[in-house]
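Here is the structure we will look at, set down as structure tokens.
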Amino acid sequence: MRLDEDCQSPLPHKNLWDETDVVVITYANTILSENQHPLKALHHFLKTHFTMLINSVHILPFFPYSSDDGFAVIDYKRVDPKVGDWNDILRISTDFHLMADLVINHCSSQHQWFVNFQAGKSPGNDYFFTVDPNENLAGVVRPRTTPLLRAVSNGDATKCVWCTFGHDQIDLDFRNPQVLLEMVDILRLYLDMGVRIFRLDAVAFLWKKIGSSCINLEETHELVRLLRTLIEHANPNAVIITETNIPNRENLSYFGNANEAHCIYNFSLPPLLLNSLVSGDCRHLKNWLMSMPPAQNGTTYFNFIASHDGIGLRPVEGLLSDEEQEALIQTMENFGGQISWRALDDGNRKPYEINISLFDALKGTTAGEDEWQLERFICAHAIMLALEGIPGFYLHSLVGTTNDYQRMLEHGHNRAINRRQWQELEINRKLRDATSHHYKVFYQLRHLIHLRREQPAFHPNATQFTLHLGDRIFAFWRQSMDRRQSIFCLNNISDAPQTVPLSSLNLISTDKWKDLINEQYFEDMLDSLTLEPYQTRWITNRW
């Protein structure tokens with residue numbers, strides 16, 4: 001993302017990114033090394049392997065916390081001493097554009113605010129959302145199966161506090177302006193510490209109104225607009241990304257009129273792409289892509305296919321049938337995945353997300369495991385890299401990490417299956433071993449990232465048009481904003497070779513055409529090309 005500090009005021013509809021922007025997503029303690037803080041080890045690993053390749057890093061919450069691997073924040077203004085200090089954060093921000101979480105919906109039950117709440121003291125006594133347990137809360141949308149309310153002492157009284165995500169994460173009450181002022185103060189600190197990309201965690205649940213679903217309320221959007229105004233006037237080149245794991249149409253609403261989020265997570269992409277690759281049928285992925293509106297200048301999509309969380313299923317509600325979701329879930333369970341659930345208002349529960357490493361998720365199809373795991377995995381990332389938007393790679397995907405069953409058992413929750421910690425010496429050794437799948441994943445993805453960064457047609461806001469080449473070929477056309485470069489992105493999402501007539505692409509015969517990935521040239525426009533199982537072709541007229 002472009003960070004021109006000389007600019008003094010935000011320009012509307014200005015793109016703060018281009019085709020060179022690629023994000024890596026990681027925990028502060030994913031890379032460990034003896035005799036140094038994890039943040040130093042992470043910084044060293046990133047500089048060693050990704051300099052001039054990946055320019056942005058999202059470090060997941062690096063604050064003291066009590067649970068949820070960082071998302072139950074005890075102190076927003078301190079770096080967890082177990083991972084490092086603010087100087088480590090500042091050093092990373094000098095080499096990479098730094099993205100950090102504002103865990104805005106809730107804080108830890110161990111935060112001083114909540115300790116004060118329980119004692120009836122300020123600040124904190126009126127910072128948390130409380131509700132009469134006799135209220136009708138049946139319509140509240142939940143991402144968890146835990147009870148919504150927790151009864152706690154508040155001075156000499158007992159009150160029920162609202163807990164969207166669990167009883168260790170207490171929801172803040174933004175009806176109190178002082179809570180907003182506290183968050184603005186925290187934002188200012190993060191800006192001073194080098195943060196330029198702000199991820200608003202779980203922001204869709206921010207505002208509560210009894211009798212409503214308590215999700216995506218207009219007051220929430222108004223608060224996002226306010227934070228956007230404050231942040232971009234402090235730094236016109238800062239970027240807001242909203243994390244809203246909700247159905248697609250509701251997710252799109254967080255763009256506002258280019259006055260809310262600069263970027264929104266493309267939450268429908270991971271489950272739809274995974275479903276296409278394990279079923280060998282891209283109809284739903286193609287229909288979704290056709291329905292996605294082009295982002296206005298000044299906004300774009302944040303594309304990812306793996307993260308610290310699971311593969312969400314809410315974003316495919318209305319896109320995949322119940323039977324198709326069940327087939328996908330069963331396949332993932334066959335490959336070692338776990339299922340996390342959410343509560344429904346009728347007392348039942350529904351699958352919320354699939355917890356599995358992406359490398360293991362793609363070890364086969366609905367028919368079972370096969371020999372195409374690596375090819376399928378690379379194909380998934382080639383699709384993500386070519387789509388409209390900014391690509392984000394989970395660090396574990398870049399190195400081909402597999403399911404971590406031991407960590408899941410030790411931590412007692414499903415998401416830990418995809419949160420392995422690597423010793424730097426061990427992962428470096430695997431990345432040097434040409435026979436390991438880690439090496440093969442790493443260097444094939446590096447090659448694709450390098451190619452992407454050189455193509456104007458892969459600008460996050462460049463034109464995108466869906467192609468119709470059958471249900472086994474997921475294809476789309478990208479065109480640079482100056483219209484000089486076209487790239488036809490063809491992806492065989494099946495385990496059998498697929499042949500495509502070049503005439504179906506309408507290649508301009510006066511141009512020369514080349515596949516960027518394998519450097520094949522095309523001269524006869526009446527010829528055809530064959531894509532091997534899970535092969536990707538990026539056919540362009542400019543290189």
Side-chain angles (χ1 to χ4, degrees), residues 61 63-77 101-186 200-217 219-220 222-224 243-246 340-345 347 349 352 412-413:
F63 318 106
Y65 67 95
S66 55
S67 63
D68 200 16
D69 279 357
F71 287 91
V73 179
I74 294 175
D75 188 343
Y76 290 95
K77 294 187 175 182
D101 291 271
L102 182 67
V103 184
I104 193 170
N105 179 70
H106 52 261
C107 69
S108 166
S109 63
Q110 296 180 31
H111 195 289
Q112 189 61 48
W113 295 339
F114 193 64
V115 173
N116 289 350
F117 173 87
Q118 292 175 293
K121 298 178 181 179
S122 294
N125 183 49
D126 51 359
Y127 279 17
F128 297 93
F129 196 90
T130 61
V131 63
D132 183 338
N134 295 315
E135 291 280 6
N136 182 3
L137 305 176
V140 175
V141 172
R142 296 293 315 287
R144 299 289 186 272
T145 57
T146 53
L148 175 62
L149 303 182
R150 172 187 171 184
V152 297
S153 63
N154 176 228
D156 296 328
T158 298
K159 292 186 177 180
C160 289
V161 293
W162 192 286
C163 303
T164 297
F165 290 90
H167 284 184
D168 188 40
Q169 293 164 290
I170 318 299
D171 284 39
L172 294 159
D173 187 355
F174 279 86
R175 295 174 303 179
N176 180 354
Q178 190 59 40
V179 174
L180 176 60
L181 291 174
E182 294 275 16
M183 282 296 165
V184 171
D185 187 51
I186 292 164
L200 303 187
D201 175 66
V203 70
F205 300 96
L206 191 68
W207 198 272
K208 288 83 176 171
K209 187 181 295 182
I210 304 304
S212 75
S213 64
C214 298
I215 187 171
N216 302 320
L217 300 186
E219 292 87 346
T220 296
E222 187 61 44
L223 274 169
V224 173
E243 187 266 334
T244 48
N245 190 359
I246 51 180
S340 294
W341 303 79
R342 67 182 181 94
L344 300 178
D345 57 14
R349 63 178 191 168
Y352 180 69
H413 61 85

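The shown structure was predicted, so the numbers you read here are calculated from the model rather than taken from an experiment. Numbers here are sequence positions counted from 1.
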Please report the interatomic distance OG1(T164) to CZ(R144), rounded to the nearest 0.5 Å.
9.5 Å
Rounded to the nearest 0.5 Å, what separation is found between the CZ atom of F63 and the CD1 atom of I186?
8.5 Å
Taking the ring centre of each residue, are F205 and F165 less than 6.0 Å apart?
yes
Partners passing ring-ring contact (aromatic ring centres under 6.0 Å, His included) against W162 (at least two apart in sequence or in another chain):
F129
With N125 via side-chain contact (heavy atoms from CB on, under 4.5 Å) - residues at least two apart:
S122, N154
Within this structure, what is the CD1-OG distance for the pair I74 and S109, rounded to the nearest 0.5 Å?
8.0 Å
The reported gap from CD1 in I246 to CG in N216 (rounded to nearest 0.5 angstrom) is 4.0 Å
Considering only residues two or more places apart or on different chains, which pairs with a residue in residues 109-120 satisfy salt bridge (Lys or Arg N to Asp or Glu O under 4.0 Å)?
none
Measure across L149 and V131 and return the closest heavy-atom pair with its distance rounded to 0.1 Å.
CD2-CG1, 3.2 Å
Sequence-distant partners of E182, side-chain hydrogen bond (donor to acceptor under 3.5 Å, both in side chains), two or more places apart
Y127
For N245, enumerate each residue passing the side-chain contact (heavy atoms from CB on, under 4.5 Å) test, keeping only those at least two apart in sequence or located in another chain.
E243, F267, P315, Y352
Looking only at heavy atoms, what is the nearest atom pair of A204 and T244, with distance?
CB-CG2, 3.8 Å
Hey, mind stepping through M183 and L181 against side chain to side chain contact (heavy atoms under 4.5 Å, CB included) and telling me if it holds?
CA-CA 5 Å; M183 282 296 165; L181 291 174; over 6 Å; no
Measuring from W207:CH2 to E219:CD, what's the distance to the nearest 0.5 Å?
6.0 Å
Between L172 and C107, what is the shortest heavy-atom contact and its length?
CD2-SG, 4.3 Å
The criterion is side-chain contact (heavy atoms from CB on, under 4.5 Å); which residues satisfy it with Q118, sequence neighbours excluded?
F114, R150, V152, S153
May I ask you to decide if P123's main-chain N or O and N116's side chain share a donor-acceptor pair within less than 3.5 Å?
yes
Using side-chain hydrogen bond (donor to acceptor under 3.5 Å, both in side chains) as the criterion, list what pairs up with Q169, not counting sequence neighbours.
D68, H106
Test salt bridge (charged side-chain N to carboxylate O under 4.0 Å, His left out) applied to D75 - qualifying residues, sequence neighbours left out:
R78
Identify the two heavy atoms, one from V73 and one from H111, that lie closest to each other, and give their separation to 0.1 Å.
O-CD2, 3.7 Å
Salt bridge (charged side-chain N to carboxylate O under 4.0 Å, His left out) with D69: which residues, sequence neighbours excluded?
R419
Which heavy atom in Y65 sits nearest to a heavy atom in G70, and how many Å separate them?
CD1-N, 3.2 Å
If you look at every heavy atom in L148 and L137, which pair is closest and at what distance?
CD2-CD1, 3.9 Å
Does some side-chain heavy atom of I170 sit less than 4.5 Å from a side-chain heavy atom of W113?
no
With R142, which residues qualify under salt bridge (charged side-chain N to carboxylate O under 4.0 Å, His left out), at least two apart?
none
Salt bridge (charged side-chain N to carboxylate O under 4.0 Å, His left out) involving E135 - partner list, sequence neighbours excluded:
none
Run the side chain to side chain contact (heavy atoms under 4.5 Å, CB included) test on C163 and T146 for me, step by step, so that the C-alpha distance in whole Å, both residues' side-chain angles and the decisive distance to 0.1 Å come before the verdict.
CA-CA 9 Å; C163 303; T146 53; over 6 Å; no
Return each pair, listed once, that meets salt bridge (Lys or Arg N to Asp or Glu O under 4.0 Å) where at least one residue sits in residues 166-175; pairs must be two or more places apart or across chains.
D171-K208, D173-R175
Whether the side chain of D101 engages the backbone of V103 through a donor-acceptor N/O pair (distance < 3.5 Å, no angle test) should be reported.
no
When rounded to the nearest 0.5 angstrom, what is the spacing between OG1 in T220 and CZ in F174?
9.5 Å
